[in-house]
Amino acid sequence: ALTEKLNSVLTQLRRRGALTERDLDEGLRQVRLVLLEADVHYKVVKKFIDDVKQKALGAQILESLTPGQQIVKIVRDELVQILGGTRADLHLTQWPAVILLVGLQGSGKTTMAGKLAKYLAEREQKRVLLAAADLQRPAAIEQLRQLGAKLGYPVYAQGRTPLEVAEGALQEARKSSFDVLVVDTAGRLHIDEELMSELQEMKQRLQPAETLLVVDAMTGQEAVTIAQTFDQRLKLTGIILTKLDGDARGGAALSMVTITGRPIKFVGVGEKLEDLEVFHPDRMAERILG
Amino acid sequence: VLQPGRRLDDALLAQLEEILITADVGVEATTEIVQALKARAAARGVQDSSAVMELLKEILKERLRPAEGALHLRSDGQPTVFLILGVNGSGKTTTIAKLAQHLKDDFGKRKIIFAAGDTFRAAAVEQLGIWAERVGAQLVHHKTGSDPSAVAFEAVERALREGADALFIDTAGRLHTKHNLMEELKKINRVVEKRLGRAMDERLLILDGTTGQNAISQAKLFHEAVSVTGIVVTKLDGTAKGGSILQIASALKLPIKLIGVGERADDLREFKADEFVEALL
Ligand SMILES: Nc1nc2c(ncn2[C@@H]2O[C@H](COP(=O)(O)OP(=O)(O)OP(=O)(O)O)[C@@H](O)[C@H]2O)c(=O)[nH]1
Ligand SMILES: Nc1nc2c(ncn2[C@@H]2O[C@H](COP(=O)(O)OP(=O)(O)OP(=O)(O)O)[C@@H](O)[C@H]2O)c(=O)[nH]1
Ligand SMILES: [Mg+2]
Ligand SMILES: [Mg+2]
């Protein structure tokens with residue numbers, strides 16, 4: 001783990017008391033490697049290390065900790081601060097509240113639509129309508145239909161285009177007094193002009209309370225570009241990180257939150273519909289630091 | 001990407017390091033590559049940045065050329081049997097359709113069977129069924145919740161009985177860290193091998209090209225479980241560079257057979273080290 005690594009590296013610098021700049025540089029060199037191995041973006045790591053160094057040099061250091069422990073504490077606190085900075089609950093301000101799920105192919109959107117529906121229905125007693133607006137992937141509508149059937153929630157899928165389905169679902173939600181409408185969309189590349197424009201149009205027409213980017217926790221360096229592009233085109237309200245039940249370190253979380261400032265609201269921790277958790281910044285920090 | 005005429009100094013090396021790391025090559029592999037670059041540049045007296053870049057390409061191509069590998073297609077009249085595996089959402093089901101299309105178009109393989117070995121996920125069978133229809137393959141499936149090994153077994157029997165050219169066994173996405181799911185995959189492999197009296201011709205790991213360093217852990221564990229014969233890297237039509245394959249190629253010696261560059265049945269390309277390196281840089 002990071003503490004052991006730092007302690008062995010800083011063994012020669014076994015002085016107690018305040019960290020010297022030399023201890024700090026040596027220790028932060030190790031932290032940099034750990035973060036890069038965890039998939040945190042190169043530029044985000046650079047900024048993070050610079051910021052931590054500034055904080056550490058000016059900080060009140062606890063006399064009882066070794067230099068290694070001191071560095072880990074500062075780093076972990078800074079990580080938690082960045083990851084947990086903004087409040088991360090769903091703001092379902094309008095009625096019906098629309099939640100729009102977007103993201104790259106295979107990130108876990110359709111499954112997440114089911115998970116969020118279940119969460120809101122069971123935890124908050126909401127009446128939820130699901131909209132199957134992915135008309136492009138083979139059996140995507142069927143997939144959401146089966147999830148809806150399993151949960152006992154209706155799935156709206158009428159329309160010849162994704163926009164028609166989304167708008168039709170919103171009308172249905174209003175007409176039949178649903179509290180929440182969760183819209184599943186087709187996976188798409190952030191560089192696909194046509195599909196990104198379609199999403200902008202959909203957001204414009206739905207005016208969602210939440211626009212959530214669903215991202216695979218094993219995403220590498222490209223997480224920055226992906227999040228930034230989706231955010232610039234759509235103005236996200238949050239991020240959902242999936243497949244955290246694996247062993248991916250999830251450094252993409254730090255990259256995306258740092259670059260977009262959008263909070264991570266939920267995490268997917270399995271394939272079943274109950275495998276949804278609220279995001280915990282401290283647990284994520286631990287995971288990234290390995 | 002690098003201004004020409006710059007000299008080989010620490011700043012230039014740092015810039016090259018950034019290019020490699022942001023391409024998902026990973027810290028360890030990047031350090032190794034940059035060291036090799038410094039040594040080779042010194043040995044050849046290379047100083048100018050554009051010459052250094054060519055040297056870097058040369059080193060990367062050398063590392064990746066051994067990873068090129070063609071599909072093992074049978075020519076003895078027996079069906080070529082493929083096991084398609086990988087983590088959730090990596091592109092397995094879609095890649096099966098692409099592989100079938102590739103075999104039909106480029107190798108004249110007419111009679112192809114798909115085995116719906118994902119008996120767990122919602123609409124997995126339907127999804128494969130639509131692809132089967134589109135590319136003209138036959139589908140073998142049982143109902144959701146049934147044993148994937150049983151589906152695979154029936155598909156093999158049918159492939160042998162009907163003299164199919166190829167059989168593709170689709171499996172459910174699974175995280176490599178889940179012991180029981182990895183055991184299930186091993187069982188499918190064993191059951192099919194036993195019935196065939198030989199190993200499957202290809203056990204292809206489908207790797208999502210946007211994956212970071214976790215790709216290495218995936219390759220390692222799937223290889224340990226079923227002895228992977230090759231990798232298909234998908235979603236390289238996006239902006240991710242798939243640099244993790246450098247580490248996978250050198251550490252595990254697994255061939256990269258093909259790459260996925262889109263969502264249609266014809267979006268499959270051969271893996272070519274030179275092209276890959278040019279795109280990476
Ligand atoms: N282990 C694990 N698997 C997950 C999780 N979330 C989703 N999955 C799986 O990931 C795969 C892809 O999920 P989907 O919901 O189909 O992803 P998608 O984003 O809708 O995919 P596209 O519509 O093709 O873009 C499926 O096998 C899911 O069961 C998770 O948190 N953990
Ligand atoms: N852009 C792009 N999308 C791809 C590529 N390969 C697959 N996809 C998409 O990725 C998503 C997931 O593909 P699937 O074939 O369902 O993946 P899978 O591995 O079978 O998923 P599970 O069975 O749920 O584990 C779909 O939306 C595909 O269209 C590719 O090369 N490029
Ligand atoms: Mg989907
Ligand atoms: Mg599949």
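Worth knowing before you read on, the calculation uses all heavy atoms, side chains too, and leaves out hydrogens, waters and symmetry mates. A note on names: the letters A, B, ... follow the listed sequences, proteins ahead of strands, and every chain is numbered from 1.
Nearest heavy atoms, A/A139 versus B/A123: O-CB, 3.7 Å. Scanning both residues, B/T177 and A/D245, for their nearest heavy atoms gives OG1-O, 4.0 Å. Smallest separation of non-hydrogen atoms from A/G220 and B/D24: CA-OD1, 3.5 Å. In terms of heavy atoms, A/P138 sits closest to B/I130 at CB-CG2, 3.8 Å.
Interatomic distance, CD of A/Q105 versus OG1 of B/T234, reported as 9.5 Å (0.5 Å rounding). The CG atom of B/L181 sits 7.0 Å away from atom CD of A/E271, with the distance rounded to the nearest 0.5 Å. To the nearest 0.5 Å, atom CD of residue B/E263 and atom CG of residue A/L189 are 7.0 Å apart. Taking NE2 of A/H190 as the reference point, atom OG1 of B/T239 lies at 3.0 Å (rounded to 0.5 Å). With values rounded to the nearest 0.5 angstrom, B/R121 atom CZ is found 7.5 Å from A/T111 atom OG1. With rounding to the nearest 0.5 angstrom, the OG atom of B/S217 is 9.5 Å from the CE atom of A/M218.
Highest contact tally toward chain B, considering only A/R137, A/K46, A/E37, A/H41, is held by A/R137 [criterion: heavy-atom pairs under 4.5 Å]. Options B/T94, B/T93, B/T211 differ in how many heavy-atom pairs under 4.5 Å they form with chain A, and the most are formed by B/T211. Chain A forms the most heavy-atom pairs under 4.5 Å with one residue out of B/A215, B/G238, B/G212, and that residue is B/G212.
When the shell of 6.0 Å around NZ of B/K178 is examined, it contains more than 12 heavy atoms from other residues, nucleotides or ligands. The environment of NZ in A/K150 is sparse: at most 12 heavy-atom neighbours from other residues, nucleotides or ligands sit within 6.0 Å. Environment of CG in B/N180: crowded, with over 12 heavy atoms of neighbouring residues, nucleotides or ligands closer than 6.0 Å. With a 6.0 Å radius and a threshold of 12 heavy atoms from other residues, nucleotides or ligands, A/E194 has its CD atom at or below the threshold.
Only the side chain of A/L104 comes within less than 4.5 Å of a heavy atom in chain B; its backbone stays farther off. When heavy atoms are compared at a cutoff of 4.5 Å, A/K43 approaches chain B solely by way of its side chain, counted from C-beta outward. There is no contact between B/E28 and chain A, counting heavy-atom distances below 4.5 Å. For A/R32, the part sitting under 4.5 Å from any heavy atom of chain B is the side chain, from C-beta outward, and nothing else. Using a 4.5 Å cut-off between heavy atoms, B/K241 makes no contact with chain A at all. Heavy atoms closer than 4.5 Å to chain A are found in both the backbone and the side chain of B/T22. Only the side chain of A/I191 comes within less than 4.5 Å of a heavy atom in chain B; its backbone stays farther off.
Contacts between residues 247-256 of chain A and chain B, counted as heavy-atom pairs separated by less than 4.5 Å, involve A/D247, A/A248.
Here the side chain of A/E222 pairs no donor or acceptor atom with the backbone of B/T210 at under 3.5 angstrom.
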